[in-house]
Structure formats: structure tokens, C-alpha cells
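All chains are named by letter (A, B, ...) in the order of the sequence lines, taking the proteins before the strands, and each is independently numbered beginning at 1.
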2 protein chains.
Amino acid sequence: MAGRPRIYNDENIIDKAIEVFRGKCFDAASTDELLAAMGIGKGSFYLNFKGGKEELYQRSLKRFAENLNRKMEAEMERSGDAMGYIKNLFLKMANIPSAQKDRGCYYGDALVQLSAKDKANKELAVYLLKDLHRIFTSAVKSGQEQGKVAKDKDPETLGWYLINFWNGIHITKRMEKSPEILKSIIEGNFKLLE
Amino acid sequence: MAGRPRIYNDENIIDKAIEVFRGKCFDAASTDELLAAMGIGKGSFYLNFKGGKEELYQRSLKRFAENLNRKMEAEMERSGDAMGYIKNLFLKMANIPSAQKDRGCYYGDALVQLSAKDKANKELAVYLLKDLHRIFTSAVKSGQEQGKVAKDKDPETLGWYLINFWNGIHITKRMEKSPEILKSIIEGNFKLLE
DNA sequence: TTAATATTGTACTAAATGGTACAATATTGA
DNA sequence: TCAATATTGTACCATTTAGTACAATATTAA
């Protein structure tokens, strides 16, 4: 259990890598650039990430899910109004600064950016998006129990509407940044749940 | 007007390039690979595409628009039922083969795949997506005239719902390929126009 | 036939790429 | 104090990259 101490923390450097990956696609993000952002050298990197860039990306997807998916579940639970929390999550997208609107959903981006050879990571992104669908579906169910969502509709299907809307708005906000237009799209789509 | 005759046709080779670009992102598609698919050598390429890969991509976006946007307008006109044509366009996506479901909208993909440095091409993709919004909006208007779309709703706003739905379904079909689920998402979302 | 010219194919280059090898270093426990 | 060991930083490597230079080639018009 001896040895030279690490100068870094796994979670911290993966967060830095996510920042880089969100600015350009997997192939365009060079290891040199990633390592510079992470603040570690190649020696440390290839020791900890035996699979190189691909493993880093995989772990960044998992790390992202801990922050997004798990946090969403926790907040839904905590607030006691899961659907209200979800709707607010969407509405907030209308008002973020323009630069942030150029960023998409980390999972959806992975599906678009990864080439066919990165099969494993693509499947992981699909898995995490389906987990998001599950979370949306559970929010719909609790919304139905609270009388906030139409009870005669299949929650699973409404969950699909929501994940599809999630996928769409993350592209649309990159082409149209007007808060008013984005807000009208969001409000309009939530009518599907009524 | 003399000189060695070209062995290729601009439109043909750009179509081949589009095939390559749709399989991987801009940065990951190498010129060698592109030229092999296009069937021309570097000499011919850099003579015709002075701007290199970036110009090729730009012209491929424009070429794609001629085939998609212009064709959509023509079909809407020809069919005499613009909204029916648009809805059918979406419904067809539910039943295409799985491999095709892994491909997205060429413009939306551009927004996700291009890095910040390709500003010009990103703006072109935005322009073409906005042209699609205009087309959707005009379909809504003609649907309203024909009593197929609710008349009390702003066509521009419904156009936004449609372009956002377009953006979304092109991501969603990459994560969920079931024709039934995709069909239910499409049918459900078109309720927003009623 | 031939001058003018547009296109082609290939050899080449400089830079960047992902990854490896390994000596130097900083710690722990005996 | 020192052996054992985990981490670090750097020099290095083979490959791939986008793009250039230019001689060879195939055509048209005089």
C-alpha cells in the first residue's frame, strides 16, 4: 500500500474531460488536449485508464449519469412533485445563456458523434437514455397519482414523449436560441400530458 | 475551353461524400476515405474543392438540401395534401430497417458533430433547419385551410413543434428501434396539431 | 499537327495523432 | 534507514492526417 501519492482525483479529472468532450466530438478531442485539461501526464493517464481515450469516454458517460440521472431521481423524490420538477427542468433550458444552448445532451450527442466502431460506448449511451426514459415514466406515474397528468394515458408512452422531447429540444436550442420560442415549444409539448 | 476531360460529375461525387459523412462525424471522416468513396484522386479534388474538406462538407449540406428541402416542397405541392405528406414522412421513419435508424438528420447531425471552429458550416446547417421550419409552417397553414389542423393555433408555433419533433425523432430512433413505439410517439405528437 | 489548357495521379511534406517505455520520484511499512 | 512500490514526467515511436507540388495526360481550337 506504499508508493508515490496521486496528484489527482478520478472524479475531478473525469469532470474536466467531460468539459472537453462536450466542446467537440470524441474523435476530434485529442488526448493531449484532454490531458492538459485534466492536469495529468501521459504516465498517470495510461496507468489509470488502461483502455486509453475510449475508457476515459466510457467512464465519463457513467460519471455524467451519476450527476444527471441519479440527481434527477433524488430531486424528484425530495420535491414531492416529480412532474413539476421535470417540467421546470425543461423550462430552465429556455433561459440559459446562448453559449450553453450550443451544448446538447451528453448521451444524445454520443449517439450522433460516435462512429460505428465505438459500439460499446454507443450502447452505453443508449442504456443511459433508456434509464432517463424510465425516470420520466416514473415521474408521469407520480403525476397521475397526484392528478397532474391525465390518468387515461399509458405512462410508458408518455415517458417516450418526454424522452423524445428531451432529445429534440437539445438539438432545437442549438438552432433557435430565443427564450420565448423555446418556452412556447416546451409549454406546448407538455399539453400532451394533460 | 480545352483540357483533359473530367472523369467525374460534381453531384455524383458529393453524394458519395455524403454517404461517408453520414457514417462518421466530420473530423473522423478522412480525406483519403472520402476520395476513395468519391473515386477521384487528390489532384482532382483540391482543384475542384479549393477549400478542401470543409468546402466539400459545405457543398454536401447544400446538395442535401436540394434533395430534401426542395423535394419536400415539390411533393407537398404535388400531393395537394401537404400535412398528410409530412405526417407520412414521419410515419415512414418507424418502419425503415434498423441500420437506417442509426442515421440522423444531416443538418441536426452537423450541429452536434461540428466543433466550434467550423462556424460557417454550423451556421449553414442552422439556416437549412430553419428552412425546414418554414416548410413545416407552410404545411401547417395549408392543413388549416383544409380543416386538417386546428385553426386557432399559430402556424409558426406549430411549425416549431414539428421541427423540434423532427430533431427529436432522429435521435430517438437511434436509441429505440421498435416500429410500434416509434409509431406511437409519432401519432401522439401529431395530436398537438388537432 | 500543334499550341494552349484543364485534369489527373503520385510522390511528398510537415504536423498531429494515440500510445509505449522507462528512468526519476515520492511515499509506506519494516 | 532502507527496501518495496505506486505514480509521475518525458522522450520516443509508428501511423495517420490534411494538404502541396508537379510531371504526365487528354482534350479543344487554330
Rounding to a whole Å, what distance do you find between [X]:[atom1] and [N]:[atom2]?
| X | N | atom1 | atom2 | result |
| --- | --- | --- | --- | --- |
| Asn9(A) | dT8(D) | CG | C1' | 17 Å |
| Lys53(A) | dG19(C) | NZ | P | 8 Å |
| Glu54(B) | dG19(D) | CD | C1' | 13 Å |
| Asp27(B) | dT16(D) | CG | C1' | 14 Å |
| Leu35(B) | dA18(D) | CG | P | 9 Å |
| Arg6(B) | dT8(C) | CZ | P | 7 Å |
| Asp32(A) | dC12(D) | CG | C1' | 13 Å |
| Leu34(A) | dG19(C) | CG | C1' | 14 Å |

| side chain to side chain contact (heavy atoms under 4.5 Å, CB included) partners of Asn9(A), counting only residues at least two apart |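 Checked Asn9(A) against side chain to side chain contact (heavy atoms under 4.5 Å, CB included); matches are Glu11(A), Asn12(A).
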Is the closest basic N to carboxylate O distance between [X] and [Y] below 4.0 Å?
| X | Y | answer |
| --- | --- | --- |
| Asp118(A) | Lys53(A) | no |
| Arg63(B) | Asp15(B) | yes |
| Arg59(A) | Asp10(A) | yes |
| Lys87(B) | Glu187(B) | yes |

| field | Heavy-atom check, side chain of Ile86(A) versus side chain of Met76(A), under 4.5 Å | value |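 Contact flag for Ile86(A)/Met76(A) side chains = yes.
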| query | Between dG9(C), dG19(D), dT27(D), which one does the side chain of Ile7(B) approach most closely? | reply |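 For the Ile7(B) side chain, the nearest candidate turns out to be dG9(C).
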| task | With sequence neighbours left out, write down each residue that passes ring-ring contact (aromatic ring centres under 6.0 Å, His included) with Tyr161(A), or none if nothing qualifies. | result |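 Here no residue qualifies.
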| With respect to the phosphate group of dT16(D), does any side-chain polar atom (N or O) of Ser30(B) fall under 4.0 Å of OP1 or OP2? |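 No, Ser30(B) has no side-chain N/O under 4.0 Å of OP1/OP2 on dT16(D).
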| Contact under 4.0 Å: Arg4(A) side-chain N or O vs dT8(D) OP1/OP2 |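 Checking dT8(D) against Arg4(A), no side-chain N or O comes under 4.0 Å of OP1 or OP2.
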| request: Have a look at Ala29(A) and say if it touches a base, only the backbone sugar-phosphate, or nothing, with a 4.0 Å heavy-atom cut-off. | output: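 Sugar-phosphate: the residue Ala29(A), judged by heavy atoms under 4.0 Å, touches backbone atoms but no base.
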| message | Quick check: on DNA chain D, is the nucleotide nearest Pro5(B) upstream (toward 5') of the one nearest Phe26(B), or the reverse? Name the residue that is more 5'. | response |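 With Phe26(B) and Pro5(B) compared, the 5'-side residue is Phe26(B).
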| Interface residues of residues 37-50 of chain B with DNA chain C (non-hydrogen, below 4.0 angstrom) |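 Within residues 37-50 of chain B, the residues near DNA chain C are Lys42(B), Gly43(B), Ser44(B), Leu47(B).
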